[in-house]
Amino acid sequence: MLKKTPKGQPSTNEETLQRLSEEYELPKIILQYRTLAKLKSTYTDSLIRIENPVSKRIHTSYQQAITSTGRLSSTEPNLQNIPIKTAEGRRIREAFVPDKNNILISADYSQIELRIMAHLSKDTNLTNAFNKGLDVHSATAAEVFGVNLDDVTQDQRRSAKAINFGLMYGMSAFGLTRQLDIPRAEAQKYLDTYFERYTGVKEYMANTKAQAKEDMFVETLMGRRLYLNEINAANGLRRQAAERAAINAPLQGSAADIIKKAMIDIDAFLNKEMPEVKMIMQVHDELIFETPKKNAEEVMSTMKNMMEKAVELDIPLIVEAAIGTNWNEAH
DNA sequence: CACTTCGGCGCG
DNA sequence: AAAGCGCGCCGAAGTG
């Protein structure tokens with residue numbers, strides 16, 4: 001037994017079975033079965049049963065007052081977790097198609113939470129990377145591993161990406177150790193070097209925590225608050241969990257503020273100027289539109305522009321948009 | 001039969 | 001002992 005669940009049962013989660021499959025045949029087969037069973041039960045079987053008899057479409061419901069950070073949530077069905085990461089999963093996504101004569105446009109914010117971190121922290125190094133239009137994970141790799149931008153290896157970029165994401169979630173050296181499968185000391189060295197190169201981020205993290213402990217809340221760009229009742233708890237586990245939430249909420253929540261502002265702007269614009277264009281879905285940093293084929297290119301560039309101009313930060317917001325005959329193709 | 005809890009896993 | 005944030009839905013098992 002490699003790991004236990006919080007209730008004390010032997011864990012059979014993916015990571016555990018992956019490790020067991022080095023020694024045994026069965027775990028790998030179980031994992032393959034689970035992958036396919038998940039796709040069938042949650043997506044294939046469920047979605048076809050939920051078609052609205054009148055519209056012949058699937059309609060989600062967006063909950064506006066559920067999440068702690070200010071994101072929307074999507075239910076019955078959840079359309080914010082449609083597969084995309086694997087080839088098998090993407091076949092589910094291909095089933096999302098527009099009416100005849102129409103086309104889908106997907107437009108998503110690029111690295112929005114890291115950009116917000118650059119803006120809120122005013123870190124010069126991170127800000128420069130975005131202002132120069134660099135690949136931010138490669139730029140981080142160059143800094144952390146002390147190499148030229150052009151000499152960054154795939155593996156170094158992968159590590160830097162884990163660092164960038166991990167930081168926004170309040171990850172420790174221990175977490176990075178597990179993520180990258182490297183010795184603890186090595187992970188600690190990466191983080192130390194990171195904070196030497198990005199002192200603004202280091203100060204921002206420290207200030208956010210200190211402020212949270214003082215106020216008992218953190219807030220987003222537009223002033224949405226998350227109250228943190230356990231930020232000063234005597235129980236270390238609970239306190240540390242609250243500290244991680246304090247780090248993450250302003251980043252995740254500000255991104256939610258921005259896309260909501262964009263949605264409001266776009267809704268007003270479409271009603272007035274392009275009533276034939278329908279804003280049909282939101283997936284946290286992505287908006288999906290259904291529009292007649294004829295002027296789809298113009299619609300796409302207009303939506304991209306409105307999303308990029310929803311707010312003005314110290315660094316540019318970049319939106320990547322594409323057109324497709326199904327959701328997979330548009331993404 | 002409806003409901004709850006748990007472990008697991010899909011997404012950003 | 002746990003050590004990366006935020007969600008919702010599935011099947012299995014247990015409850016009444």
Side-chain angles (χ1 to χ4, degrees), chain A residues 3-18 30-31 33-47 49-50 60-86 88-90 92-93 106 108-114 116-117 161-180 184 187-188 191 205 208 218 220 226 228 235-256 259 281-288 327 331:
Chain A
K3 188 183 158 194
K4 287 186 176 182
T5 69
K7 289 278 174 190
Q9 300 297 310
S11 174
T12 70
N13 70 12
E14 171 161 12
E15 188 195 344
T16 306
L17 291 191
Q18 206 72 279
I30 294 173
L31 284 173
Y33 170 80
R34 285 206 189 143
T35 300
L36 297 174
K38 177 88 176 183
L39 291 176
K40 183 172 190 297
S41 66
T42 307
Y43 302 103
T44 314
D45 291 349
S46 305
L47 288 175
R49 260 191 266 121
I50 214 172
T60 186
S61 299
Y62 288 108
Q63 315 300 322
Q64 299 203 68
I66 292 290
T67 70
S68 61
T69 56
R71 278 186 174 183
L72 302 182
S73 93
S74 163
T75 61
E76 288 184 288
N78 181 357
L79 294 188
Q80 292 177 326
N81 71 346
I82 299 301
I84 191 170
K85 291 175 181 173
T86 66
E88 292 278 355
R90 281 193 291 274
I92 305 280
R93 201 165 270 245
S106 165
D108 67 276
Y109 285 105
S110 167
Q111 307 293 355
I112 189 167
E113 292 182 9
L114 269 179
I116 290 164
M117 188 161 84
K161 186 175 176 180
I163 293 170
N164 279 331
F165 273 99
L167 281 171
M168 296 191 293
Y169 298 151
M171 186 179 62
S172 65
F174 177 87
L176 194 59
T177 289
R178 303 204 45 166
Q179 178 80 23
L180 298 180
R184 180 77 169 262
Q188 189 60 56
L191 291 181
M205 299 273 178
T208 301
V218 291
T220 65
L226 172 63
L228 296 154
N235 181 322
L237 289 184
R238 290 171 178 272
R239 188 176 64 248
Q240 286 164 23
E243 288 172 358
R244 293 193 296 274
I247 293 295
N248 180 256
L251 305 175
Q252 185 184 125
S254 296
I259 196 166
M281 287 192 283
Q282 189 255 41
V283 188
H284 309 306
D285 65 354
E286 170 187 17
L287 295 176
I288 295 95
W327 190 8
H331 197 280

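Sequence lines set the chain letters: A, B, ... in the order given, protein chains first and strands last, and positions in each chain run from 1. Just the heavy atoms: all of them, side chains too, but no hydrogens, waters or symmetry mates, feed the values below.
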Quick one, give me the B/S/- string for nucleotides 5-10 of chain C, reading 5' to 3', where B means a protein heavy atom under 4.0 Å from the base and S means that only happens at the primed atoms, P, OP1 or OP2. BBSBSS
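As judged by a 4.0 angstrom heavy-atom cut-off over every strand, E14(A) is placed among residues touching the sugar-phosphate backbone only. Across all strands shown, R34(A) has heavy atoms under 4.0 Å from sugar-phosphate atoms exclusively, and none from any base. Within 4.0 Å of Y43(A), counting heavy atoms only, lie sugar-phosphate atoms of the nucleic acid but no base atom.
dA1(C) and dC9(B) have their P atoms separated by 23 Å, given to the nearest Å.
Considering only side-chain atoms of I84(A), the nucleotide from dG10(B), dG7(B), dG12(B) that sits closest is dG12(B).
To the nearest angstrom, C1' of dC11(B) lies 13 Å from CD1 of I92(A). Between the OH atom of Y33(A) and the P atom of dC9(B) there is a distance of 13 Å, rounded to whole Å. Taking atom CD of E15(A) as the reference point, atom C1' of dA3(C) lies 13 Å away to the nearest angstrom. dA2(C) atom P lies 12 Å from atom NZ of K7(A), rounded to whole Å. For the pair L39(A) CG and dG11(C) P, the computed distance is 13 Å after rounding to whole Å. As rounded to whole Å, 23 Å separates atom P of dC11(B) from atom OH of Y109(A). Atom CG of L31(A) and atom C1' of dG10(B) are 15 Å apart (whole Å). We find that CE of M171(A) is positioned 11 Å from C1' of dA3(C), with the value rounded to whole Å.
Between the side chain of S46(A) and the backbone N or O of S41(A), at least one donor-acceptor pair lies under 3.5 Å. The backbone N or O of P250(A) lies less than 3.5 Å from a partner atom in the side chain of S254(A), making a donor-acceptor pair. For the pair R93(A) (side chain) and I82(A) (backbone), a donor-acceptor distance under 3.5 Å is present. Put simply, the side chain of T60(A) gets close to the backbone of T75(A): a donor and an acceptor are under 3.5 Å apart.
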List the steps and the verdict of side-chain hydrogen bond (donor to acceptor under 3.5 Å, both in side chains) for T69(A) and Q252(A). CA-CA 7 Å; T69(A) 56; Q252(A) 185 184 125; 2.7 Å; yes
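Close to dG8(B), at under 4.0 Å from its OP1 or OP2, lies a side-chain N or O of S11(A). Here T12(A) reaches the OP1 or OP2 of dG8(B): one of its side-chain N or O atoms lies under 4.0 Å away.
Nearest heavy-atom pair, E113(A) versus L251(A), reported as atom, atom and distance to 0.1 Å: CG-O, 3.9 Å.
Crowding of R178(A) atom CZ: a count of heavy atoms from other residues, nucleotides or ligands under 6.0 Å not exceeding 12.
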